[in-house]
Each structure stands twice: as C-alpha cells, then as structure tokens.
Amino acid sequence: MEGKLSSVAKNFTPSSIQELSQLAQKCNAINLAEGFPDFPAPPCIKEAAVSAINNDFNQRVQGICDQLALTMKKTHGLNVNPLTDIAICCGQSEAFAAAIFSIINQGDEVLLFDPCYETYEGCITLAGGIPVYVALEPPQWTLDPEKLMRSFTSRTKAIVLNSPHNPTGKVFSRDELEIIAEGCRRWDCVAITDEVYEYITYDNQKHETIAKLPGMQERTIITSSLSKTFSVTGWRIGWAIAPASAASAIQNIHIRITDSAPAPFQEAALTALRSPIEYFETLRGEYELKRDFCMKLLGSIGFRIQFKPQGSLFLFSELPKDCLLSDVEYVEELIKQAGVVVVPGRGFFHGNESCNYQKRYIRVAFCKSGAILNAAAQKFGELINAKACPKILY
C-alpha cells in the first residue's frame, strides 16, 4: 500500500509532539509535552452531555449558535447572526482548516507569526497556499511593525493570528492588533484567528479579538472551541464565526468532510458557554498557579525565564546559556535522566534557520494535574540532590 500513497500523505509525518507523547507512554515518562488538560471536566457539562445522550439529542443542534452570538455580543460587542454567521465544526482544528480551504487558492500567500503552531502550515499547503513567516523577536516576542508591513504583497490573501499565542504565551496588545488590522485593510486581506485560549490569560491581561477593530469584522474569520477552556479536548466541538458568505463556505466544507460535530456534546456546550463569570476567574487563577509552579521548577535546574507567559497553557523557555546541547538533545537527555517529556522548540520555527535561537527553546505544557506537576518536581529534585546529570542541570 505504501506505493499507493499520495504525495500529500508522504509529506505529512507525525509531529514531534505526537512522537514525544508516544515515547512518554513507552518510557512511562511524565508528559509535559501535549497541551491537553489531564484533569476532569466540570461536572455540570459532563452531566449535560449524559442528559443529552439519554434524551436522544442525536441530530444537529441550533442552540449553540444562538449562545455563541450572545457571547460575542456580551464579550466583544460584535453583532453576529446565529443563522448565517456561525459554522459548528469538529474542534477548532477543523474550523481552521475549513476556513483556509474556503478562501485560499493556489499561489495565495498567507502570513504567519513565527514561532507558531505547526498545524497552520499544513492546512495552508494543502490548499495550495504559500506560508510567509514574520518573525516575532525574542525574548519578549515583539512584533516589528515595519517587518510585518514589508511582508504584505499583492499575493497576500490572509494573515493568521493566534492570541493568546502557542507556543510563547504572548497576548497581542491593542497596539499590535491595530498594526495588524491596518495591514489587512491596506492590502485587503482576511484575518483568520485562533482564539482557543481566549479565557486563559494572566496578570490582568485581557484577550481582545481583532474583529472588534474598525473595518475588521467583515474581513475576519474567528475560530475557537470548548477544548481548552472546559478541559474537553476530545469532545471536538469548535466553531468559525465569519461574514455570512465565508461561514456558509466553511459549513459546506465541514459537511463534506465530517458532516456534523457530535450532537450531544453540542447540547452540553450550551451549559459550558453559559458558565458564570466565577468559573472563568477560577480557571485563570488555577492556571496562573500552575504557570508559576513550572517557572519555579525550570528555575531550579538553571533556566532563566525571560518571558513570563501572559496567556495559554505553555512556557516557552530558552536553554541555559551554559548548556551546550541543542533543544532536541536536551529533550532526549531529560527523558533519559529525569523521565520527563517536553517539546523541542525548533518544531515551532519555520523561518530563517540560521538563527541560532531557533534550536535553543523548549515548550513545557503546564495544563496538568497537581499530582503530575508535583511528580515532575520530584524527578527534578532527585537529580539536584544527587548532583547528577551535568548536561541538564545548571
């Protein structure tokens, strides 16, 4: 069968995150690689899902679109028509892919901020588009307005904006959103956003969608999901919110690929989206404690955290200056010596490979239970007490 595989299939290989997670299972290592919460979802939405199954919610559900429209109005002041402007998909990943397929033609350029989540590039190339990377400047992951504006051309069709940002934890500021919006308006481009971490921000940071800026709602496709906010990454309930013509195209693509997201979970999503403000405040507070715990943990083995994540579920940290290993080598040693798996940073970089820093970062997922994080801390503590492993302790 291998000889029958398409060229597309041959170009897609398991991501480093998938491979490391499989390695973690084989080695019985602690998995701080994948960004999925490993603790229970809120009981109320689990009960809502069970109730929906028992009451035969087996077909498409309209109520989730009505609730999303209310949420967009309340949170961002946007008027969204629930009948025409929303497409429910099998998670944010499918919503994003369908958004790309709905607007990108062969040869269209799509701007992405580097580093970035690897799925974006795959969707763009599948559609025949050309990814064009705009580097954020470490260690604060600063957006250079001039560099961004030079990246726009007559072939630019869209720009991808992920905020809060994976892998860095950056929350794009209002000033940065204004700059991006200006480029979109000047070059008549579409903004495709990934806002799955919209409720997970820290230190009084607040997520804003670029769609609320002047002239942007009519040229923005928002994608998001339940997955991260409600710890249900396997439920696959996501959505795209867009002008009616784009939302209709996304819905048509979705129907031809998967037809429908799971109806009982769509019904349960109503309960989730109606959660009181206290739920989101508690969520932020708990994740902020996990973030601070992991920063202290990395500090104990010689890391100097130069950028404190403002949102998302990840620490993206540069290896200690005295460390002679690359990111991949460091991760391999960490697995062997400590039994802990993290992600080498190079998989998130796609631009100029001559930049040495692209092989000097690791990503740590802190969306794990207290038991898992404490077990990781114990592993590191054992290494420190034994004064072992000079390759990974500094």
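- Nearest heavy atoms, Ser102 versus Ala249: CB-CB, 3.9 Å.
- Residues Tyr202 and Tyr287 place their aromatic rings such that the two centres sit no closer than 6.0 Å.
- Residue Lys147 places its NZ atom among more than 12 non-hydrogen atoms of other residues, nucleotides or ligands, all under 6.0 Å distant.
- Contact record, Ala261 with Cys90: CA-SG, 3.8 Å, taken as the closest heavy-atom pair.
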For Glu288 and Asp203: C-alpha separation, side-chain torsions, deciding distance, then whether side-chain contact (heavy atoms from CB on, under 4.5 Å) applies.
CA-CA 8 Å; Glu288 194 166 310; Asp203 303 321; 3.3 Å; yes

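- Between the Asp194 side chain and the Val196 main chain, a donor and an acceptor come within less than 3.5 Å of each other.
- Here the side chain of Thr125 pairs a donor or acceptor atom with the backbone of Gly122 at under 3.5 angstrom.
- A side chain to side chain donor-acceptor pair (under 3.5 Å) check over residues 239-258, counting only residues at least two apart or in different chains, returns the pairs Glu94-His254, Glu94-Thr258, His254-Thr258.
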Stepwise side-chain contact (heavy atoms from CB on, under 4.5 Å) check, Leu68 with Val80
CA-CA 8 Å; Leu68 283 168; Val80 173; over 6 Å; no

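- Of all heavy-atom pairs between Lys368 and Leu373, the closest is O-CD1, 3.8 Å.
- Put simply, the side chain of Leu298 reaches to within 4.5 Å of the side chain of Ile305, judged on heavy atoms.
- Clustering ILVMFWY residues whenever any of their side-chain heavy atoms sit less than 4.5 angstrom apart, transitively, puts Phe12 in the very cluster that holds Phe96.
- When atom types are taken as modelled, the side chain of Thr209 and the backbone of Lys212 share no donor-acceptor pair closer than 3.5 angstrom.
- Taking CG from Asp327 and OG from Ser317, the interatomic distance works out to 12.5 Å, rounded to the nearest 0.5 Å.
- Note that the SG atom of Cys89 and the CD1 atom of Ile253 stand 9.5 Å from one another [nearest 0.5 Å].
- Placement of Ile88 and Ile53 in two distinct hydrophobic clusters is found when ILVMFWY residues are connected by side-chain heavy-atom separations under 4.5 Å, directly or transitively.
- The NZ atom of Lys379 lies 14.0 Å from the CD1 atom of Ile301; values are rounded to the nearest 0.5 Å.
- Looking at Asp38 and Asn31, their side chains never come closer than 4.5 Å, going by heavy atoms from C-beta outward.
- Under the 4.5 Å side-chain criterion, counting only non-hydrogen atoms from C-beta, Asn162 is in contact with Tyr120.
- The two residues Ile86 and Ala247 make their nearest non-hydrogen contact at N-CB, 4.0 Å.
- Judged purely by atom type and a 3.5 angstrom limit, Arg363 uses its side chain to pair as donor or acceptor with the backbone of Ala33.
- In terms of hydrophobic clustering, with Ile, Leu, Val, Met, Phe, Trp and Tyr side chains grouped at heavy-atom distances under 4.5 Å, Tyr279 and Phe39 are assigned to a common cluster.
- For residues 217-238, the side chain to side chain donor-acceptor pair (under 3.5 Å) pairs, not counting sequence neighbours, are Gln92-Thr223, Asp188-Arg219, Glu198-Ser224, Ser225-Ser227.
- The backbone N or O of Gln306 sits less than 3.5 Å from a side-chain atom of Gln140, completing a donor-acceptor pair.
- For Thr193 (side chain) and Glu195 (main-chain N/O), no donor-acceptor pair under 3.5 Å exists by modelled atom type.
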The test is salt bridge (charged side-chain N to carboxylate O under 4.0 Å, His left out); show your working for Glu182 and Arg185 and say whether it passes.
CA-CA 5 Å; Glu182 172 58 28; Arg185 291 188 295 260; 3.5 Å; yes

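- Side-chain atoms of Glu332 and Leu325, non-hydrogen and from C-beta on, never get closer than 4.5 Å to each other.
- Cluster annotation: Leu148 and Val171 are assigned to distinct hydrophobic clusters (Ile/Leu/Val/Met/Phe/Trp/Tyr, side-chain heavy-atom contacts under 4.5 Å, transitive).
- In this structure, Val328 is not a member of the same hydrophobic cluster as Tyr330, with clusters built from ILVMFWY side-chain heavy atoms closer than 4.5 Å.
- One finds the CG atom of Leu161 at 11.5 Å from the CG atom of Leu111 (value rounded to the nearest 0.5 Å).
- At least one donor-acceptor pair closer than 3.5 Å links the side chain of His165 to the backbone N or O of Pro115.
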Could you go through Thr282 and Glu286, starting from their C-alpha distance and side-chain angles, then the distance that decides it, and tell me whether this counts as side-chain contact (heavy atoms from CB on, under 4.5 Å)?
CA-CA 6 Å; Thr282 299; Glu286 290 176 349; 3.5 Å; yes

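- Within the 3.5 Å criterion, the main-chain N or O of Glu146 finds a donor-acceptor partner in the side chain of Asp144.
- With contacts defined as side-chain heavy-atom distances shorter than 4.5 Å, the pair Pro309/Phe314 does not qualify.
- Taking 4.5 Å as the limit, some side-chain heavy atom of Ile362 sits within range of a side-chain heavy atom of Leu319.
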Go through Ile179 and Met149 one step at a time and tell me if the side-chain contact (heavy atoms from CB on, under 4.5 Å) criterion holds.
CA-CA 9 Å; Ile179 292 164; Met149 291 305 175; 4.1 Å; yes

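- Remark: side-chain polar atoms of Lys157 are not paired, donor with acceptor, to backbone N or O of Asp108 under 3.5 angstrom.
- A donor-acceptor contact shorter than 3.5 Å links the side chain of Thr71 to the backbone of Gln67.
- Residues satisfying the side chain to side chain donor-acceptor pair (under 3.5 Å) criterion with Asn204, sequence neighbours excluded, are absent altogether.
- Few gaps surround NZ on Lys10; more than 12 heavy atoms of other groups in view lie less than 6.0 Å from it.
- Aromatic ring pairs are classed by plane angle as parallel below 30°, tilted from 30° to 60° and perpendicular above 60°; the pair Phe349 and Tyr357 is perpendicular.
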After noting the C-alpha distance and the side-chain angles of Glu178 and Arg174, does the key distance pass the salt bridge (charged side-chain N to carboxylate O under 4.0 Å, His left out) rule?
CA-CA 6 Å; Glu178 294 279 8; Arg174 169 58 79 92; 3.8 Å; yes

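- Of all non-hydrogen atoms in Pro164 and Ser312, the two that sit nearest each other are CB-N, 3.7 Å.
- Here the closest heavy-atom approach between residue Pro139 and residue Phe307 is recorded as O-CB, 3.2 Å.
- In summary, the aromatic rings of Tyr197 and Tyr117 are positioned with their centroids too far apart to meet the 6.0 Å limit.
- With a 4.5 Å cut-off on side-chain heavy atoms, Asp85 and Asn79 do not count as touching.
- Here the CE-CD1 distance, from Met216 to Ile222, works out to 10.0 Å after rounding to the nearest 0.5 Å.
- Two residues are said to be in side-chain contact when any heavy atoms from C-beta on lie closer than 4.5 Å; Leu143 and Leu136 meet this criterion.
- Between atom CD of residue Glu176 and atom CD1 of residue Ile210 there is a gap of 10.5 Å, rounded to the nearest 0.5 Å.
- By the 30° and 60° cut-offs, the orientation of the rings of Phe348 relative to Phe316 is perpendicular.
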